[in-house]
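In what follows, every heavy atom counts, from backbone to side chain, and hydrogens, waters and symmetry copies are set aside.
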Amino acid sequence: MKRGPVPDATPPKSVQRWSASDYARNGRFVQELAGAVFAMLEPRPGERILDLGCGDGTLTAEIKASGADVLGVDLSDELLAVARMKGLRVRKVDGHALDFSSEFDAVFSNAALHWMRKPALVIAGVARALKPHGRFVGELGGHGNVAAIATAMRAIGKERNGDAALVAPWFFPTVEEYRELLTEGGFIVREIALVPRPTPLKTGMEGWLRTFGRSFFDQFAEPERSDVLGEVIELLRPSLCDEKGVWTADHVRLRFRAERAD
Ligand code: BEZ
């Protein structure tokens with residue numbers, strides 16, 4: 001297996017706090033739109049599969065339904081509790097510090113890797129967790145993901161003397177960047193593509209911002225927080241809201257399938 005330079009092994013501090021009810025209401029699209037990456041996983045009965053960043057276990061349950069033996073890992077106690085209530089086997093593990101050794105046929109990840117800001121550490125842990133020739137199949141936000149939304153938060157944050165660094169605690173790589181990380185981490189990349197996926201938001205822009213922009217908005221105390229939220233929404237309205245009042249998030253996905261080289 002080709003190995004790159006040893007990455008700094010300190011997991012970054014997680015800045016996102018999750019509310020299971022907010023996520024269920026406003027983040028449902030994350031699982032509903034995962035059909036393409038799920039199809040790329042091709043889970044088979046009896047396979048051992050790790051669901052990295054399993055959240056509330058929606059897709060973990062689908063993997064289980066395929067007959068595979070699946071373990072979900074996530075950092076959020078609140079989301080893990082929901083997954084456990086669904087009868088799923090899950091553990092609290094930081095994706096930067098996966099402690100498995102050559103035991104999985106596949107590692108799957110949907111909409112979680114962009115929260116893990118030291119990707120070389122994550123990929124090294126995935127490579128260790130997989131059996132030789134095991135597959136790593138995933139989808140994360142790609143380069144340009146939520147660019148309009150993040151820019152609006154930065155613009156309003158600047159006017160309000162906020163901390164712009166809190167806008168985007170995410171990692172949205174280009175194809176080239178992620179291909180290199182995978183290759184350096186000992187993977188053969190079989191498929192990788194950036195896929196624009198404008199996503200209608202059933203609970204509007206406010207729901208999205210409240211769920212995924214929490215680290216940014218929480219820096220402001222009420223009543224300023226509500227004002228900032230309203231200003232961001234108004235700045236975005238001409239770009240992302242149609243005449244019928246339907247909001248669309250400017251999502252771009254990076255989808256890939258790779259195989260552990262040895
Ligand atoms: C996404 O799924 O694209 C996403 C989720 C949270 C924050 C930013 C983007």
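- Here the options are Val228, Val167, Leu166, the test is side-chain contact (heavy atoms from CB on, under 4.5 Å), and the partner is Phe217; only Val228 passes.
- To the nearest 0.5 Å, atoms CG (Leu98) and CG (Leu50) are separated by 6.5 Å.
- Smallest separation of non-hydrogen atoms from Leu182 and Ala258: CD1-CB, 4.4 Å.
- A donor-acceptor pair is defined here as one N or O able to donate and one able to accept, closer than 3.5 Å; no such pair exists between the side chain of Arg257 and the backbone of Gly138.
- Within a 6.0 Å sphere centred on NZ of Lys158, other residues, nucleotides and ligands contribute 12 heavy atoms or fewer.
- Among all heavy-atom pairs drawn from Ser109 and Leu52, the shortest one is OG-O, 2.9 Å.
- Between Leu130 and Phe100, the closest side-chain pair of non-hydrogen atoms is not below 4.5 Å.
- Between Asp74 and Cys54, the closest heavy-atom pair is OD2-N, 3.3 Å.
- Contact annotation: the side chain of Phe187 approaches that of Val126 to within less than 4.5 Å [non-hydrogen atoms, C-beta and beyond].
- Lys86 contributes a side-chain N or O that, together with a main-chain N or O of Asp56, makes up a donor-acceptor pair within less than 3.5 Å.
- Here the side chain of Asp250 pairs a donor or acceptor atom with the backbone of Ala148 at under 3.5 angstrom.
- At distances below 3.5 Å, not a single donor-acceptor pair connects side-chain atoms of His251 with backbone N or O atoms of Thr199.
- One finds a salt bridge joining Asp69 and Arg89 here, because a Lys/Arg side-chain nitrogen approaches an Asp/Glu carboxylate oxygen to under 4.0 Å.
- The backbone N or O of Thr174 lies less than 3.5 Å from a partner atom in the side chain of Glu177, making a donor-acceptor pair.
- Under 4.0 Å is where a charged nitrogen must lie from a carboxylate oxygen, and between Asp105 and Arg48 no such pair does.
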**Request:** Could you go through the salt bridge (charged side-chain N to carboxylate O under 4.0 Å, His left out) check for Glu191 and Arg255 one step at a time?
**Result:** CA-CA 8 Å; Glu191 282 179 63; Arg255 197 175 293 150; over 6 Å; no
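- Between Arg197 and Glu139 there is a salt bridge, with a side-chain nitrogen of the basic residue lying less than 4.0 Å from a carboxylate oxygen of the acidic one.
- Between Gly55 and Ala83, the closest heavy-atom pair is O-CB, 4.0 Å.
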**Item:** Criterion side chain to side chain contact (heavy atoms under 4.5 Å, CB included) on Leu209 and Ile149, from CA distance to verdict
**Value:** CA-CA 9 Å; Leu209 293 171; Ile149 300 175; 3.7 Å; yes
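- What you find for Phe216 and Gly157 is that their closest heavy atoms are CZ-CA, 3.8 Å.
- Hydrophobic clustering, with ILVMFWY side chains joined whenever heavy atoms are under 4.5 angstrom apart, keeps Ile188 apart from Ile192.
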**Message:** Would Phe108 and Val37 count as a side chain to side chain contact (heavy atoms under 4.5 Å, CB included) here? Give the steps.
**Reply:** CA-CA 9 Å; Phe108 175 74; Val37 67; 4.0 Å; yes
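- You'll find the ring centres of Phe172 and His143 outside the 6.0 Å limit.
- Looking at Gln219, its side chain does come within 3.5 Å of a backbone N or O of Asp163 through a donor-acceptor pair.
- Atom OG of Ser226 and atom CD of Glu206 lie 8.0 Å apart (nearest 0.5 Å).
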**Message:** Checking Glu62 against Thr58 for the side-chain hydrogen bond (donor to acceptor under 3.5 Å, both in side chains) test, could you report, in this order, the C-alpha distance in whole Å, the side-chain angles of both residues, the deciding distance, and whether it holds?
**Reply:** CA-CA 7 Å; Glu62 283 194 35; Thr58 305; over 6 Å; no
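- Annotation: cation-pi pair Arg225/Phe220 absent, no NZ/CZ under 6.0 Å from the ring centroid and within 45° of its normal.
- Around atom CD of Glu180, no more than 12 heavy atoms belonging to other residues, nucleotides or ligands sit under 6.0 Å away.
- Considering only heavy atoms from C-beta on, Val107 stays 4.5 Å or farther from Ile49 through its side chain.
- No side-chain heavy atom of Lys202 sits less than 4.5 Å from a side-chain heavy atom of Val246.
- Taken together through direct or relayed side-chain contacts under 4.5 Å among Ile, Leu, Val, Met, Phe, Trp and Tyr, Leu80 and Met116 form parts of separate hydrophobic clusters.
- The hydrophobic clustering, which links ILVMFWY residues whose side-chain heavy atoms are closer than 4.5 Å, places Val90 and Val73 apart.
- Across Gly57 and Leu88, no two heavy atoms sit closer than the pair O-CD1, 3.3 Å.
- Using modelled atom types, one side-chain atom of Arg260 and one backbone atom of Asp262 make a donor-acceptor pair closer than 3.5 Å.
- One finds the CG atom of Leu229 at 10.5 Å from the CE atom of Met205 (value rounded to the nearest 0.5 Å).
- Interatomic distance, CG of Leu235 versus CG of Leu240, reported as 10.0 Å (0.5 Å rounding).
- Residues meeting the ring pair (Phe, Tyr, Trp, His ring centres under 6.0 Å) test with Phe256, sequence neighbours left out: Phe136, Tyr178.
- Judged as a salt bridge (Lys or Arg N to Asp or Glu O under 4.0 Å), and not counting sequence neighbours, the contacts of Asp77 are Lys92.
- In this structure the side chain of Trp247 never reaches within 4.5 angstrom of the side chain of Thr203, judged on heavy atoms.
- For the pair Thr248/Leu201, no side-chain contact is recorded, criterion being any heavy-atom separation below 4.5 Å from C-beta on.
- Leu236 places none of its side-chain heavy atoms less than 4.5 Å from the side chain of Cys241.
- Side-chain atoms of Glu103 come within 3.5 Å of backbone atoms of Ser101 as a donor-acceptor pair (strictly under, hydrogens ignored).
- For the atom pair Asp94 CG and Asp99 CG, the distance stands at 10.5 Å (nearest 0.5 Å).
- Using a distance-only test at 3.5 Å, with no hydrogens or angles considered, no donor-acceptor pair links the side chain of Thr211 to the main chain of Trp208.
- Here Leu254 contributes atom CG and Leu194 contributes atom CG; the two are 6.0 Å apart, rounded to the nearest 0.5 Å.
- Under the 4.5 Å side-chain criterion, counting only non-hydrogen atoms from C-beta, Arg179 is not in contact with Glu184.
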**Step-by-step salt bridge (charged side-chain N to carboxylate O under 4.0 Å, His left out) determination, Asp242 to Arg237** = CA-CA 8 Å; Asp242 71 12; Arg237 191 178 296 280; over 6 Å; no
**Stepwise side chain to side chain contact (heavy atoms under 4.5 Å, CB included) check, Trp115 with Leu140** = CA-CA 9 Å; Trp115 295 105; Leu140 65 154; over 6 Å; no
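- Between Glu47 and Arg135 there is a salt bridge, since at least one side-chain N of the basic residue sits less than 4.0 Å from a carboxylate O of the acidic one.
- No continuous path of hydrophobic side-chain contacts links Val93 to Val82 [ILVMFWY only; heavy atoms under 4.5 Å].
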**Request:** Could you check Glu234 against Ile156 for side chain to side chain contact (heavy atoms under 4.5 Å, CB included), going step by step and ending with a plain yes or no?
**Result:** CA-CA 10 Å; Glu234 287 319 306; Ile156 300 300; over 6 Å; no
